[in-house]
Every structure is written in structure tokens, then in C-alpha cells.
Amino acid sequence: YAIRSLKLAVEQKENALENAKNQLKNYYVYAPFDGEISSVSVSKGDKVSSGTSLAVLITKQKIAKISLNEVDVVKVKEDQQAKLTFDAMDDLKIEGEVIEVDNVGTVSQGVVTYNVKIGFDTKDERVKSGMSVNAEIVTETKENILLVPNSAVKSLGEKYYVEMPGENNNSN
């Protein structure tokens, strides 16, 4: 009976250790990209809240930060592809990828906006911090779809057809 009791105590301690290891994962801060920490703005034991800047991370990867309204942000997810253009450079188009979408929006004059971060890599030295950027995010793709102008769709009674260029369709 004493051995059984000791085995149960060991099992409980092992379970407590496993729970502690799982909880420890919540005490780490993860960045969405690789880099090197250049400075830390908090100390051990400091209390922080969501949005608190903890450190400065230097990386070769560049990040574009854009704001989207609540209607558009629901379509955007991490890992979606994006095309970036810069107001200062008409000839530069860069491929990027959504790396973070804010869960909490910012209200300004009654309009809710959400920050979206797009990671991109470029060796073009003209790209500088703080530049204006435009992003086109691919939220959905469909293959083998025929796209025709709405003006080309015609009807005859309850039947619909597409009028081809150069044709004079009076029948279907």
C-alpha cells in the first residue's frame, strides 16, 4: 500500500512538472520574423500589457505597415501574398507576404482601422523607412473561371447568353 501511494505521488509530481512546462511557453515573446535584438526596454519583473514595446529587433527583412478598415480586414489572413508599390518609385513593384493582422482596431473619428504588417525582402537601396506604400493583397484566387464584362451578358426571354465581339446575335 505504501509503494502504491508513493507511485501515485510521483505521478502527481510528473503531471505538475508537465503542466509547468506547458505554462512556461506562455512566458516567451515570439517575433514573426528572424532578427537580432538591439535593445530591450523592459526589465525582469516589469508588468506589461498588450501593445507594449519590449525590444527593438533588427532584421534584413523589411516590413510594410498598412491600415485597413473593418470591411476589408476580415478578408486578410497571415501568409497571403501581397504586391507592394511605392509612391516615390513608380518602377518598383515588390512581392510580399502578410505576416501579422491586428486583432484590436483603432477608432479615429468613428472609423475603425486595423494594422496589417507585410514582410518583404528587397536589395533596392531606394526603399527607406517611413516611405508611403500601397499594398494589393490577394485574398482569394479562383482557377478555370471565365470572366466577361457585364455588358456582354444578354438575355432572350428567360435564357441568357454572352455576346461575342464582332457578332450580331439575334438568337441563342
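All of these numbers come straight from a predicted model, not from anything done at the bench.
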* Is it the case that more than 12 heavy atoms not belonging to L8 sit under 6.0 Å from its CG atom? -> yes

* Beyond-backbone contact of V48 with L54, side-chain heavy atoms, under 4.5 angstrom -> yes

* Tell me, do V56 and E36 make a side-chain contact under 4.5 Å, heavy atoms counted? -> no

* To the nearest 0.5 Å, tell me how far L17 CG sits from K13 NZ. => 11.0 Å

* **Heavy-atom side-chain contact between V98 and V116 under 4.5 Å** => yes

* To do: Consider only side-chain heavy atoms of I, L, V, M, F, W and Y, link residues closer than 4.5 Å, and tell whether V101 and V112 are in one cluster.
  => yes

* Could you pull out all residues at least two apart from N150 that satisfy side-chain hydrogen bond (donor to acceptor under 3.5 Å, both in side chains)? => none

* Asked: Is M164 reachable from L147 through a run of I, L, V, M, F, W or Y residues, each pair having side-chain heavy atoms under 4.5 Å apart?
  -> no

* Asked: Is a side-chain donor or acceptor of S155 paired with a backbone partner of G157 at a separation under 3.5 angstrom?
  -> no

* Asked: When hydrophobic residues are tied together by side-chain contacts of less than 4.5 Å, even through go-betweens, does V107 share a cluster with V104?
  -> no

Please tabulate, for side-chain N and O atoms in residues 72-86, each donor-acceptor pair with protein atoms closer than 3.5 Å (sequence neighbours left out).
| unit_1 | atom_1 | unit_2 | atom_2 | d |
| --- | --- | --- | --- | --- |
| Q80 | OE1 | K77 | N | 2.8 |
| Q80 | NE2 | K75 | O | 3.3 |
| Q81 | NE2 | E97 | OE1 | 3.3 |

* Asked: So with a 6.0 Å cut-off around CG of N19, is the heavy-atom count from everything else above 12?
  -> yes

* **Where A55 and S41 come nearest, the two heavy atoms and their spacing** => N-OG, 4.1 Å

* Are side-chain heavy atoms of L68 and N115 found at a separation under 4.5 Å? -> no

* CD/E163 to NZ/K154 distance, rounded to the nearest 0.5 angstrom? -> 5.0 Å

* To do: Let me see the working for N69 and T113 under side-chain hydrogen bond (donor to acceptor under 3.5 Å, both in side chains), right down to the final yes or no.
  => CA-CA 4 Å; N69 64 39; T113 59; over 6 Å; no

* Which value, rounded to the nearest 0.5 Å, describes the distance between I118 atom CD1 and I94 atom CD1? -> 11.5 Å

* Asked: If you round to the nearest 0.5 Å, how far is CG of L57 from CD1 of I63?
  -> 8.0 Å

* Asked: Is I99 reachable from F120 through a run of I, L, V, M, F, W or Y residues, each pair having side-chain heavy atoms under 4.5 Å apart?
  -> no

* Asked: Does the pair R126/D91 count as a salt bridge with the N-to-O cut at 4.0 Å?
  -> yes

Name each donor-acceptor pair under 3.5 Å that joins a side chain in residues 127-135 to protein atoms two or more places apart or in another chain, with its distance.
| unit_1 | atom_1 | unit_2 | atom_2 | d |
| --- | --- | --- | --- | --- |
| K128 | NZ | E125 | O | 2.7 |
| N134 | ND2 | D87 | OD1 | 2.9 |

* I145 with V148, same ILVMFWY side-chain cluster at under 4.5 Å -> no

* Structure fact -> Minimal heavy-atom distance between Y161 and L156, with the atoms involved, is CE2-CB, 4.2 Å

